[in-house]
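Please read the structure below before turning to the comments.
Side-chain atoms are counted along with the backbone in the values below, which use heavy atoms only and exclude waters and symmetry mates.
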Amino acid sequence: MARTPASDDDDDGPPTYTVARGTRRDPRLKDLGISCMLNTEVAALLAVIRRRPDPYAYLPPAVAAAEEAVFAGLIQSLKSLRALLFQPRHGAWRCSDPSMYLSPFLDVVQSEEVPPAATGVALSSVLKILRIDVFDECSPGARDAIQAILTAVTNCRIERIADAGAEEAVLLRVLQVLAALLRARAAPLLSDSAVCTAVNTCFQVVQHAASSRGSELLQRTARHCMHEILQAVFARLPDIREDAEDDMSVTSAAGFGARCMVDVFNFLCSLLLNAPDMVMTPEGHGAFTSEEDVQLFALVLLNSAVELGGEAIGKHPKLLRLIQDDLFYHLIYYATECSPLVLSMICSTVLNLYNFLRRFLKLQLEAFFMYVILRVGGGASGLQLQEVAIEGLISFCRQPTFVIEMYVNYDCDPLMRNVYEEVGKLLCKAAYPLSNPMTTVQLQAFEGLVNMITTIADNVEVEKAPDQEAYNVEISEYRLFWLERWDSSDDHGHETWVDFVRKRKLKKKKVAIAANHYNRDEKKGVEFLKLCHLVPTPPDAKSMAYFLRYSPGLDKVKIGEFLGDPDEFNLKVLKEFTDTFDFTGSILDTALRTYLETFRLPGESQKIQRVLEHFSERFYEQQTQEVFATKDAAFILCYSVIMLNTDLHNPQVKKKMSEDDFIRNNRAINSGKDLPREYLSELFHSIAVNAITMFSQGATNVEMTTSRWADIVKRSRSIEPFTPCDFKHKLSREVFIAVSGPAVATFAAIFDYTDDEEILNQCVEGLISVARIARYGLEDVLDELLCCLCKFTTLLNPYATTEETIFTFSNELKPRMATLALFTIANRFGESVRGAWKNIVDCLLKLKRLRLLPQSMVEQDGSVSSRLGPRPKSDSAAIFPSSHRGAGTSRHVSGMIGRFSQFLSLDGCGESLLCVGNEFENNLKIIQQCQIGSMFTESGKLPDESLQNLGRALIFAAGGKGQKFSTPIEEEETVGFCWDLILLVSLANLQRFASFWQHMHDCFTAVSMLPLFSPCPFAEKAIVVLFKVAVKLLPGQATPDRLAEELICKSINLMWKLDKEILDTCCEGISECIVKLIMEHAGSVQTPLGWKTLLHLLSVTGRHPETFDQSVAAMIKLMSDGAHISRFNYAACIEAAFGFAALKISPLEISTKILELMAESVNWLVQWHKSGYSDPGSSSSNSSSSVEDASRMGNLATNMFIKLAETLRKTSLVRREEIRNQAVTDLGRSFSLAAAGDLDFGPAGCLACFNLVIFAMVDDLHEKTLEYSRREGAERETRSMEGTLAAATELLADVFVLFLGTLAQGPGFRTFWLGVLRRMDTCIKSDLAAGGGAGVMQELVPRMLKRMIVEMKNKEVLVQREGDELWEITYIQIQWIAPAVKEELFPE
């Protein structure tokens, strides 16, 4: 309300007030409200003070005056305050000295005469003043006022109150005022001692409430107040400067600081330490009902202090030291022997310390995990505590960077234990199911394991996975790595922090292996160290000392024997070994315990002496109390302590040494003087109570002792600090490797044991996370995982019948989940699958046999690409959203998986997985969601090794390895299905066909050698698929790949040679593919093997009526064009042409056409010869070719011509007369074209043509003529064959005359001429043998002889000279062969 401006002289009535518009209140109204409140409180307090116990009792005036005089001072001060409340003042209440209005109330609080009710009302008034912030830190006199309030409250005389109810009411007000005081705006003005006083006062109320068995309300309020006070105190810690802790002037001027917090924290630690002493005893001592009550009370307060102080605690060394040295020890000490509730609070406290202060608590955290979590979580303290420990561990695992930080700071540090690995093994062991249903502990551990693996998987993803070599780590040189640290300011060359950490881990692994070798054989252990560059060559003393000191798993007996050996090198190692210890500030027995925990003291006295001499020397150098005058004194006392330990704790010693005996034995050892008796007495009692333990190889420190904790505290001062870090790809991968084996085994066992859908979902999610990690170079892990899933599908159970398998798959959730997970992983991470492809293919084939594959995948129309390629959009969206396909990053793969039960929804309506509808349809819907086809159609993304394994699995499955077929039809369908999949894989990888098909071809060969291999139907299905691949491969290459072409042709040849009958059974498919290649893509065939294979199989498959027309058309087109005929495929082309020309079903005009084309092919030979064989299949010749090259080319021309001539010769032997005669005619034409084209055969070539072609043709025709002549009723065939023989004989003469000049130049012409004469003689006599009378040959032979001899004479090849054998032989032979022409040819 605000007063409206008006003149005081206005006489219009009383002033009016209106509510001010806006959010701010008029300060005058606030001050008015405070005045009213104070007036009310004063009035109430006066009324309570003046109130008599019995208001109706009559008091004499004198008595009443006496009572009034007692409270006169208090009443007067209250009246004075009331008189000032509404007087006009300069300024507001906030600007007034608080003592003015606080003093009357505080006087009442501290008064011993006022009734308890008045004390309560006064405290209530002070509480109101504090809560409404009547004054703040800026008010004048605020420091004195706030201190006065605390003084008054702490001096409140509670003990004078006789009534328990009144006492409790006052105590409640005291607690409320204390809490409000520490939360007031002026609270920072309190001094450190004042804060400690407030905490102490509150704790006294807590004790009082508990010890006097106050009401539940008072006890709870006292503890709550204590909590609020601590919150108010430690909430200010982040605002306190780091240097304010030791600066008294700053602290006193600015109010309380870190010093009071140190005192309060120390008080809380001591409360935890002295918990047993705080428990109420029968005598009435103590304040708490149980030790657990004390521990929980202290832990709650400590936890609250840590939560509010947070990271700021690390800025204050004293406070941090309390946590490092005291708090952690108490937490570890009580954790193993406490109630589940206390252990839970301890775990929560340590978790908070980890989150805020882990940089300073490396060793302390290691101790907590090793001595508490791992021990209790392993079941050493009972099932209840184990459950709490596992739950606490899960809380740690939920922290985003816990896993990687544990691995980097402990598992990769050679001086630390493998905390992360041990934690992972603990979770696996605790989660491993031994019964069904799983216990609570098993479920908790399983949850933690899934969380840990999922965290790793979420952080291991990278956009592009590095090569496998990038994961390799090598140790190339020796460095003393035990104390090596990473300093970013140093020059590390190309080495990164990640590389540094990975090398440290590798060295730590190698050291563990070396320790194992060393335990069995010291020399082998040292050799392994040198081999791995862990010690120099030869080893030096320092490196060996660090190996013995810090290597986990070393036999402590062997260490002791080595250190006690008198060899010079061993003594140096002993010196360096002892120097690794820091005994500064330690008493003798603690130092000795720490020293002897690292090895077992040898049994020989001389060895013990050497070891203790080095220890005592080190201890003497580092002593801080100057107890020992010489190192000899320390040595003598050490020896005496060892003997005392043996005497007191050896059961064989009957008479034990007393304290006096021990002191007497050590007189005058300190340079002739005695050591302090108190020192020796303390040593004696320490040894008597706690023996020095001699550890052997298998001993483990399962209990935390004061000596071990003292060593941890000392080491924590100098050790490398905890390194907070985030996940890195390579490190994340190695983090998983450390627990991969147990994790996969645990997931598999849980999936096998449990039937709970929720657990199965989590298990599959864990397996998916394993696969996400394993794809980065951990193929063996992924294979193991997939093999487990294959087992859980129940598809590979060899003992189950088909009906049992189908029933299980249709009615149980687990096989379906396993099947879907199996193919999901194979689809998503197939690039990392290796040997598991075999199991996946086996499962797929089992689904095929069970008819569980969709019809679109099993139809037998040969359209493979349409069968497995397309994917229904609805199913695809359910399994693989587009953002999750391919090999890129998958940060949200877990989102892709989601709840795996959603994966198994049968349609968009959320149909139940185990619905009672048509089981067959439901099964098909599940299989459709598996997206099986994409594994093969998208196999182009697979690396070579994975692709080769997939191909091998399919080939061996098609070959029958590991398969059992019930019927031949099932075998044929399975083999065909495998080859369909091979076709899909091949078509998806045409771009790298040559790189992977060699392995496939080797697999074909290997399959063919299997003991029980059956080529049918393997080869029958194979050759069709191979030709389909060839049709896609050869035309589809931008640049011809000769190797790929040769490989596919080798495979084709291998298949038809396995079973030649397949060329008849599969002729149509083969012919169709070959015709398509020759007619449309002949230019894509580049190799001789390719042409030979295609043309040979074209001629073989074309002999069937259904394939003849298209095959012969392709053959004629190829030869007519001639564009694709080269010297490399010429022979194969001629051979294929012969096959069609000589075919019985070939029409005459077709055969004639082919023979003509064959004869005309001589023109190609002539052309190639003249151009230096610059055909499409060869490189152009050089103009300066040597004579040798020309000779080689001539031989090549001769060879190709002879191939042609031989083919025509073979055609001349067919049964059809027209074809025979046409072949002879075209053969003659071929020779004519060769001669006309200057195709130089040379003498040898000409002789070869006669010997291999013409002579052979004449001989074969003569034999066939005789053969027919001997048959009955074969006169027609005989005369027909005789006609062909006549034509061949005439051809002989014609070619002789044509090439006589060349033939005569050869050295074997005489022999050749005799061969001609002999065949003429044979032919002329064939008439007589055939019919006995004069025939065609009787007339033809003399005429041919006459022609040849005349030509020989004309060319002076046959000349009558003395001694000329050729003339004489010819003369004699003519007399026998054709005497009728003798006179004409050889006149007298």
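Phe402 and Phe396 have tilted rings, their planes meeting at an angle from 30° to 60° on a 0 to 90° scale. Taking the six-membered ring where tryptophan is involved, the planes of His729 and Tyr776 are perpendicular, since the angle between them exceeds 60° and thus also 30°. Using a 30° and 60° split on the angle between ring planes, Tyr420 and Tyr407 fall in the perpendicular class, above 60°.
Residues Lys508 and Asn418 bring a donor and an acceptor atom of their side chains to less than 3.5 Å of each other. For the residue pair Asn827 / Ser934, a side-chain donor-acceptor distance below 3.5 Å is found, with atom types taken as modelled. Side chain to side chain, Ser939 and Asn989 meet the donor-acceptor criterion of an N or O pair below 3.5 Å. When only modelled atom types and interatomic distance are considered, Thr496 and Asp499 share a side-chain donor-acceptor pair under 3.5 Å. One side chain, Ser946 or Trp837, offers a donor N or O that lies under 3.5 Å from an acceptor on the other.
A donor-acceptor contact shorter than 3.5 Å is absent between the side chain of Asn949 and the backbone of Ala836. Judged by distance alone, with hydrogens and angles left aside, the side-chain atoms of Ser551 form a donor-acceptor pair with the main-chain N or O of Phe547 at under 3.5 Å. A donor-acceptor contact shorter than 3.5 Å links the side chain of Gln324 to the backbone of Phe360. Remark: side-chain polar atoms of Asp467 are not paired, donor with acceptor, to backbone N or O of Glu469 under 3.5 angstrom. Distance alone, capped at 3.5 Å, is enough to place a donor-acceptor pair between the Asn459 side chain and the Thr455 backbone. Formation of a donor-acceptor pair under 3.5 Å by the Glu387 side chain with backbone atoms of Val441 is not found in this model. Within the 3.5 Å criterion, the main-chain N or O of Thr723 finds a donor-acceptor partner in the side chain of Asn409. Asp783 contributes a side-chain N or O that, together with a main-chain N or O of Arg834, makes up a donor-acceptor pair within less than 3.5 Å. Remark: the backbone N or O of Leu534 is not paired with any side-chain donor or acceptor of Lys510 at under 3.5 angstrom. At distances below 3.5 Å, not a single donor-acceptor pair connects side-chain atoms of Arg828 with backbone N or O atoms of Ile825.
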Q.
Determine whether Asn451 and Thr454 satisfy the following criterion, side-chain hydrogen bond (donor to acceptor under 3.5 Å, both in side chains), listing intermediate values before the conclusion.
A. CA-CA 5 Å; Asn451 184 278; Thr454 304; over 6 Å; no
**Q.** Check against salt bridge (Lys or Arg N to Asp or Glu O under 4.0 Å), Arg479 and Glu484
**A.** CA-CA 9 Å; Arg479 286 193 294 185; Glu484 190 176 16; 3.4 Å; yes
Q | Trace of the side-chain contact (heavy atoms from CB on, under 4.5 Å) decision for Cys397 with Leu427 | A | CA-CA 11 Å; Cys397 292; Leu427 290 176; 4.2 Å; yes
Q: For salt bridge (Lys or Arg N to Asp or Glu O under 4.0 Å), just list the numbers for Glu366 and Arg417, CA-CA rounded to whole Å, side-chain angles, deciding distance to a tenth of an Å, and then say yes or no.
A: CA-CA 8 Å; Glu366 180 195 36; Arg417 306 280 289 275; 5.6 Å; no
Q: Applying side-chain contact (heavy atoms from CB on, under 4.5 Å), run through Tyr546 and Leu483 and close with a yes or a no.
A: CA-CA 9 Å; Tyr546 276 92; Leu483 301 178; 3.1 Å; yes
Q: For side-chain contact (heavy atoms from CB on, under 4.5 Å), just list the numbers for Leu778 and Ser832, CA-CA rounded to whole Å, side-chain angles, deciding distance to a tenth of an Å, and then say yes or no.
A: CA-CA 7 Å; Leu778 302 176; Ser832 299; over 6 Å; no
**Q.** Working for side-chain contact (heavy atoms from CB on, under 4.5 Å), residues Thr819 and Cys843
**A.** CA-CA 9 Å; Thr819 302; Cys843 288; over 6 Å; no
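The local environment of CD in Gln384 is sparse, with at most 12 non-hydrogen atoms from other residues, nucleotides or ligands closer than 6.0 Å.
Within the 4.5 Å cutoff, the side chain of Val770 has heavy atoms near those of the Phe736 side chain. Under the 4.5 Å side-chain criterion, counting only non-hydrogen atoms from C-beta, Phe368 is in contact with Ile346. Taking 4.5 Å as the limit, some side-chain heavy atom of Leu351 sits within range of a side-chain heavy atom of Asn355. Counting heavy atoms from C-beta outward, Trp497 and Cys725 have side chains that approach closer than 4.5 Å. A heavy-atom distance below 4.5 Å is not found between the side chains of Leu449 and Val739. The shortest distance between side-chain heavy atoms of Arg358 and Pro724 falls below 4.5 Å. Two residues are said to be in side-chain contact when any heavy atoms from C-beta on lie closer than 4.5 Å; Lys791 and Asp752 meet this criterion. Residues Val423 and Met406 have side chains not in contact (no heavy-atom distance under 4.5 Å, counting atoms from C-beta outward).
When all heavy atoms are compared, the tightest approach of Trp482 to Val511 is CH2-CG1, 3.6 Å. Closest of all the heavy-atom pairs between Ala826 and Met935 is CB-SD, 3.4 Å. Residues Pro414 and Arg504 approach most closely at CD-NH2, 3.2 Å, considering heavy atoms. Closest non-hydrogen pair, Ile768 versus Phe829, comes out as O-CE1, 4.3 Å. Between Met438 and Pro433 the shortest heavy-atom distance is CG-CB, 4.4 Å. Considering every non-hydrogen atom in both Arg772 and Val460, the closest pair reads O-CG1, 4.2 Å.
Expressed to the nearest 0.5 Å, how far CG of Leu506 lies from CG of Asn472 amounts to 10.5 Å. For the atom pair CD1 of Ile750 and SG of Cys428, the computed distance is 8.5 Å after rounding to the nearest 0.5 Å. For the atom pair Met370 CE and Ile332 CD1, the distance stands at 11.5 Å (nearest 0.5 Å). The line from OH of Tyr471 to CD1 of Ile737 is 9.5 Å long, rounded to the nearest 0.5 Å. To the nearest 0.5 Å, atoms SG (Cys930) and CG (Leu820) are separated by 5.0 Å. The structure places OG1 of Thr336 at 9.0 Å from CG of Leu385, a figure rounded to the nearest 0.5 Å.
Both the sub-6.0 Å distance and the 45° axial angle are not jointly satisfied by Arg375 relative to the ring of Tyr371.
Ion pair Arg775/Glu461 flagged as a salt bridge, since at least one NZ, NE, NH1 or NH2 atom sits closer than 4.0 Å to an Asp/Glu carboxylate oxygen. Ion pairing between a basic and an acidic side chain is recognised when a charged N comes within 4.0 Å of a carboxylate O; Lys503 and Glu495 show such pairing. No salt bridge links Lys941 with Glu831; every basic N to acidic carboxylate O contact stays at or beyond 4.0 Å.
Sequence neighbours left out, the pairs with a member in residues 440-454 that pass salt bridge (Lys or Arg N to Asp or Glu O under 4.0 Å) are Arg398-Glu447. Every pair passing salt bridge (Lys or Arg N to Asp or Glu O under 4.0 Å) that includes a residue from residues 725-736 is listed here, sequence neighbours excluded: Arg502-Glu734.
Just one of Leu822, Ile840, Val764 meets the side chain to side chain contact (heavy atoms under 4.5 Å, CB included) condition when paired with Leu789; it is Leu822. The one candidate from Asn761, Ile759, Asp755 that meets the side chain to side chain contact (heavy atoms under 4.5 Å, CB included) condition with Glu757 is Asn761.
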